[in-house]
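Everything quoted here is computed from the prediction, not taken from an experiment. Below, each value reflects all heavy atoms present in this structure, side chains not excepted, and no hydrogens, waters or symmetry copies.
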Amino acid sequence: MRKLYNRILQIAGNVITVEADGVAYGELAEVRSGRGTSLAQVIRLDQRRVSLQVFAGSRGIATDSEVRFLGHPMRVSASDDLLGRIFSGNGSPRDQGPALQDNLIPIGGPSVNPANRIVPRHMIRTGIPMIDVFNSLVESQKLPIFSVAGEPYNALLARIAMQAEVDLIVLGGMGLKYDDYLFFRNTLDEHGALSRSVMFIHTASDPIVECLLVPDLSLAVAEHFAINGKRVLVLLTDMTNFCDAQKEIAITMEQIPSNRGYPGDLYSQLAARYEKAVDFETAGSITILAVTTMPGDDVTHPVPDNTGYITEGQFYLVGGRIEPFGSLSRLKQQVNADTRADHRALMDTMIRLYAEYREALEKQSMGFRMSAWDEKLLRYGGLFEARMMDLSVNIPLEGALDLGWKTLAECFEPGEVGLKSDLVAEFWPKSA
Amino acid sequence: MSDKAQPQGKVVGVNGNMVSVAFATSVIQNEVAYVLSGGARLKSEVIRVRGGEADLQVFESTDGIAIGDVVEFSGQLLSVELGPGLLTQVFDGLQNPLPNLAKEAGYFLKRGLYLYPLDRERRWAWTPTAEAGAARRAGEALGTVPEGPFQHRIMVPFGWAGTWEVTWLAPAGELTIADTVARLRQGDDERAVTMVQTWPVKVPVTCYHTKLLPREPLVTQQRIIDTFFPVAKGGTFCTPGPFGAGKTVLQHALSQYSQVDVVIVAACGERAGEVVEILREFPHLEDPRTGRSLIDRTIIICNTSSMPVAAREASIYTSVTLAEYYRQMGLHCLLLADSTSRWAQALREMSGRLEEIPGEEAFPAYLESLVAGFYERAGLVELHDRGQGSITIGGAVSPAGGNFEEPVTQATLKVVGSFLGLSRDRANARRYPAIHPLESWSKYHSLVDEAQVTRARRLLRQGHEVSQMMKVVGEEGTPTSDFVIYLKSEFLDAVYLQQNTFDRVDGASSDERQRHVFAKVVAVLDGAFTFPDKAAARSCFQKLRQHFIDWNYAAWGSDEFRSREEAIDRLVAEAVTAA
Ligand SMILES: Nc1ncnc2c1ncn2[C@@H]1O[C@H](COP(=O)(O)OP(=O)(O)OP(=O)(O)O)[C@@H](O)[C@H]1O
Ligand SMILES: [Mg+2]
């Protein structure tokens, strides 16, 4: 039995300080107070002074509350018993099932050796033209949905998850509204996917710091299954809550903030999680789809900004549609050369013309006369939005490409669109 | 008892990747130390000493380190090994060979596992080039071994001051890097030279005669760079841009197509997946200059974003030290660092833990001098043998919020010779490479006729003004002559500034080709067109654009290239005379 300490020297924010011996950095402890027992983690050692972040928060902790060090870092049981189970943000069961103790593995393990990585190669088809044609999703990609409160980002996340062909789904919820949690659970259930899912759910009413563990728990589990050959899709929503919890701890620890209160290591913290996305050459894979809500709808806010620098693109969800501008899949070029010969060129051209449409729209709104070319653009833009951007559209990639050519042919002459002549010869619809 | 007993200390504090150590003997600032924890030896560097306590940045995760853990001080500054066999390698920021680590440790990186950077067993065909009795200084050659496309010089170690007399040279033969290849004497001091030497990464190598002004263009085969914002061999440039603007794609293109001898790619705190693309592709791509595989001229330093942050800081110095080593052989090296902002952030994290007084955005106050010190290590030099070598440094910068008014971008702009600013708008409009043609600048000389460039640049500016004007007065309120200027600038943008990086032909435009094509583009820009109306003008330029784009995809010197050129000549002649 490890020694108990019951003299807490300092309680500030959600961090407590005790004097103790033989404690290791990153080690876990249990803090027992009148409000119950919470896990805590060592975040600083200074001689005998040990600072711990208390996941359930410090409210109700007394200076004589008991602290018991567990002698190990945070762990999670990695076994098939996880499937179909729902846990809270601290890893304890949220459903009626038993706590799991088999094959405990540490979370937040080391990164994959870059020399062992392979170039991603499998496209994940979603039936959404804005994704399949313009921003192809690729197995092992890490990609957030940038959005704001009120947008159907969780619905989009769930839809992609249901349509993607993966072996396993791990859902990490951070500050999730209870309704959204139920929505995910019901959606998985309706599609018969519950038995191949694992959920770590931290809801909006749970202590904020508790969501810090959710990405690591989810990804450790994902890694376990991926190494064992499974293609795992990890859904993390909402990563902004994770960042805000980081911010809170940093401020409590009196770290000098770099930008709007967020700690200077926010980038590294996020990267440590997102870089878990991987395709193992001789085993399975981890694909990460996340939600990042942008405070104040501002993409330059530190959370979306740092995220964008780490992930392999992003989907901008605005007004219920995936915006062509700003949305990006950086892995698309790994797969769209082999889909169809016209895929890349058509994608670039359609976006370029859509950009011109937006300019024409702007001119129109300022009351300028529309030239013949502007008229063509306006027609094109309307069709593009209805046929490509509307999220209710659900067609396979090839159908979407054909529809793209049809749209071009309905609006333009072949020489006007700036496509290589040989492609035009092959794909331009003969009778538009 | 040996006089080399390692001084030791004990851990008294842990804060993130910083460990405080109490010591009784002496420690050296920036020396390497090892924290012994849980059976592992964790490499660290002394970054501050106060009283009897040293603060170490640990190049590994500090999880599990406890108060009282033993720390061994090495007495050595953080150093790299220099010798044959660096090319084609993939190292982490501390020069650990990642493929060998993978063989030892499997899928994941293993804490505290350090391997020799260079192969101890491999034999190299040594040929002495000096002779016994000759005088040599640090950095001068004693012999060579063939490595990849060139002769790798085995030199007097860079740290040996003064002039040395060669007393013995190994005869030509197959030797390993550990074998003695020469003996040198200075007074009573006689030393053996092997093919490998170590050098502290944070100290610049200066064993050359003089530093020269960079003049000769470094051909990158990227039209917008070589023609408009050139880079010189031995010069410096930076590519700041918001996320997704194309910094990494551009750097990959540069690493592939630049006409230099050695390319060092420093993947500093960015995505691991991006390095993999180079790793997997380069072995299969040919370097047209040597006919060998591209990987043969490449070294990759890979300390990606989820790898330890302190090693990320070191990776920048490791990279530039390797470049200096090859420059010393009379070679032209290109160092591409993606991204220097991640290096600066590593500095910021450490500075915060040291509780230093922060500068802007919490970056340390000495950020500027460190950035300047890094770029200063670039340069064209004349060696003692009158040969020349160069290091060109290109750094990506990732400004927070894409705003260039931030400390890292600003510190970089003060010291570089060329600024290639990537723009969000151009990237969104898929105008790649998204280098902004009006905001970027270069102090170096273009490889095409500069008078033509000046005219083209003026036209771009005028075109931009017209387009701004059109937003106010509309197309109908714009005179056709102005409208033609706008169309010309759009034409220049579409057929020359934009380049399809992913196309084997269009992606790389030789200097010859650039001169030839640019002259033709300028002829269109200079052409006196008059059109009955704007629709006619637009359709004419759309046709021109189509022809030039098709031309860009035709291989240089091919029949298709010639026939497309003739078609263009006819079209231009028609359009101008129709006027
Ligand atoms: N020259 C180009 N041609 C075609 N597509 C490009 C080009 N440059 C960039 N892109 C597209 O933009 C994406 C992002 O480019 P890149 O990875 O180079 O951005 P970045 O500036 O390095 O971003 P970050 O700062 O996040 O690393 C690419 O994956 C590609 O889809
Ligand atoms: Mg990049």
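- Side-chain contact between B/Phe108 and A/Glu223: present, with at least one pair of heavy atoms (C-beta onward) separated by less than 4.5 Å.
- Contacts between B/Ser61 and chain A at a heavy-atom distance below 4.5 Å are absent for every atom of the residue.
- There is no contact between B/Val19 and chain A, counting heavy-atom distances below 4.5 Å.
- Atom CE of residue B/Met18 and atom CZ of residue A/Arg44 lie 8.0 Å apart, to the nearest 0.5 angstrom.
- For the pair B/Lys110 and A/Pro110, the minimum side-chain heavy-atom distance is 4.5 Å or more.
- B/Glu360 does not touch chain A: none of its heavy atoms, backbone or side chain, sits under 4.5 Å away.
- Most heavy-atom pairs under 4.5 Å with chain A, from the set B/Arg280, B/Arg424, B/Glu270, B/Glu274: that is B/Arg280.
- Annotation: side chain of B/Glu475 is not in contact with side chain of A/Trp373 (no heavy-atom distance under 4.5 Å).
- Atoms CE and CZ, from A/Met347 and B/Arg430 in turn, are 7.0 Å apart once rounded to the nearest 0.5 Å.
- Within a 6.0 Å sphere centred on CE of A/Met370, heavy atoms belonging to other residues, nucleotides or ligands number more than 12.
- Heavy atoms of A/Ile351 lying under 4.5 Å from chain B belong exclusively to its side chain.
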Query raised in the report: Going through the distances and angles, do A/Gln334 and B/Glu277 end up as a side-chain contact (heavy atoms from CB on, under 4.5 Å)?
Result: CA-CA 10 Å; A/Gln334 308 294 358; B/Glu277 288 171 32; 2.8 Å; yes
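- To the nearest 0.5 Å, the span separating CZ on A/Arg344 from CG on B/Asn500 amounts to 8.0 Å.
- Using a 4.5 Å cut-off between heavy atoms, B/Val472 contacts chain A through its backbone alone, with no side-chain atom that close.
- No part of B/Glu406 comes within reach of chain A, as not one of its non-hydrogen atoms sits under 4.5 angstrom from that chain.
- Chosen from A/Ala355, A/Gly415, A/Ser371, the residue pairing most often with chain B at heavy-atom distances under 4.5 Å is A/Ser371.
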**Report entry** side-chain contact (heavy atoms from CB on, under 4.5 Å) assessment of B/Asp69 paired with A/Tyr25
**Finding:** CA-CA 11 Å; B/Asp69 282 351; A/Tyr25 190 73; over 6 Å; no
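- Within the 4.5 angstrom heavy-atom criterion, no atom of B/Ser20 approaches chain A.
- Judged as a ring pair (Phe, Tyr, Trp, His ring centres under 6.0 Å), and not counting sequence neighbours, the contacts of A/Tyr316 are A/Phe146.
- In terms of heavy-atom pairs under 4.5 angstrom with chain A, the leader among B/Arg312, B/Glu281, B/Lys543, B/Glu60 is B/Arg312.
- By the 6.0 Å and 45° rule, A/Arg330 does not stack over the aromatic ring of B/Phe243.
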Requested in this report: With side-chain hydrogen bond (donor to acceptor under 3.5 Å, both in side chains) as the test, would you mind laying out the steps for A/Ser421 and B/Tyr553 before giving the verdict?
Outcome: CA-CA 11 Å; A/Ser421 302; B/Tyr553 286 102; over 6 Å; no
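- Residue A/Arg121 qualifies as enclosed at atom CZ: its count of foreign heavy atoms under 6.0 Å is above 12.
- At a 4.5 Å heavy-atom cutoff, the contact between A/Thr282 and chain B is made by backbone and side-chain atoms alike.
- For B/Glu349, the part sitting under 4.5 Å from any heavy atom of chain A is the side chain, from C-beta outward, and nothing else.
- Heavy-atom distances place no part of B/Lys103 under 4.5 Å from chain A, backbone and side chain included.
- Options A/Ile43, A/Ile118, A/Val42 differ in how many heavy-atom pairs under 4.5 Å they form with chain B, and the most are formed by A/Ile118.
- When each of B/Ala362, B/Ala400, B/Gly401, B/Gly68 is scored by its heavy-atom pairs under 4.5 Å with chain A, the top score falls to B/Gly401.
- Scanning both residues, B/Ser306 and A/Ala271, for their nearest heavy atoms gives CB-O, 4.0 Å.
- Contact tally against chain B (heavy-atom pairs below 4.5 Å) for A/Arg352, A/Glu416, A/Gln255: the top residue is A/Glu416.
- Residues B/Gln345 and A/Ser258 fail the side-chain proximity criterion, which asks for heavy atoms closer than 4.5 Å.
- Using a 4.5 Å cut-off between heavy atoms, B/Val276 contacts chain A through both its backbone and its side chain.
- Annotation: maximal heavy-atom pairing with chain A below 4.5 Å, among B/Asn403, B/Thr304, B/Thr62, occurs at B/Thr62.
- Chosen from A/Leu328, A/Val50, A/Val23, A/Asn259, the residue pairing most often with chain B at heavy-atom distances under 4.5 Å is A/Val23.
- Residue A/Glu254 qualifies as open at atom CD: its count of foreign heavy atoms under 6.0 Å is 12 or below.
- Counting only distance, with no hydrogens or angles, the side chain of B/Gln546 and the backbone of A/Leu419 share a donor-acceptor pair below 3.5 Å.
- In terms of non-hydrogen atom pairs under 4.5 Å with chain A, the most contact-rich of B/Ala535, B/Gly477, B/Ser341, B/Gly244 is B/Gly244.
- Side-chain contact between A/Asp348 and B/Tyr432 is absent, with no heavy atoms from C-beta onward closer than 4.5 Å.
- Within the 3.5 Å criterion, the main-chain N or O of B/Leu98 finds a donor-acceptor partner in the side chain of A/Asn113.
- Residue B/Arg431 does not touch chain A at all, counting heavy-atom pairs closer than 4.5 Å.
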Report task. Quick one: do A/Glu312 and B/Arg271 satisfy salt bridge (charged side-chain N to carboxylate O under 4.0 Å, His left out)? Show the steps, please. Result -> CA-CA 8 Å; A/Glu312 289 154 338; B/Arg271 304 168 189 84; 5.5 Å; no
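- Contact of B/Val275 with chain A is not made at all, since no heavy-atom distance falls under 4.5 Å.
- Shortest non-hydrogen contact noted between B/Tyr107 and A/Asn116 is CA-ND2, 3.2 Å.
- A salt bridge links B/Arg353 to A/Asp265: at least one charged side-chain nitrogen sits closer than 4.0 Å to a carboxylate oxygen.
- When B/Gly16, B/Gly106, B/Gly352 are compared by the number of non-hydrogen pairs under 4.5 Å with chain A, B/Gly16 comes out ahead.
- Once rounded to the nearest 0.5 Å, the distance linking CD of A/Gln333 with OG1 of B/Thr501 reads 9.5 Å.
- Two residues are said to be in side-chain contact when any heavy atoms from C-beta on lie closer than 4.5 Å; A/Arg48 and B/Ile67 fail this criterion.
- For a residue to count as touching a neighbouring chain, one of its non-hydrogen atoms must lie under 4.5 Å from one of that chain's; by this rule B/Pro399 touches chain A with backbone and side chain alike.
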**Report entry** Trace of the side-chain contact (heavy atoms from CB on, under 4.5 Å) decision for A/Tyr267 with B/Val309
**Finding:** CA-CA 11 Å; A/Tyr267 175 85; B/Val309 171; over 6 Å; no
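- Within the model, atoms CG of B/Asp506 and NZ of A/Lys420 stand 9.0 Å from one another, a figure rounded to the nearest 0.5 Å.
- With a 4.5 angstrom heavy-atom cutoff, B/Arg111 does not touch chain A via any of its atoms.
- Here the side chain of A/Glu275 pairs no donor or acceptor atom with the backbone of B/Ser305 at under 3.5 angstrom.
- For chain A, the nearby part of B/Asp550 is the side chain; its heavy atoms alone come within less than 4.5 Å.
- The most heavy-atom pairs under 4.5 Å with chain B, out of A/Ser111, A/Ser51, A/Pro114, A/Pro73, come from A/Ser111.
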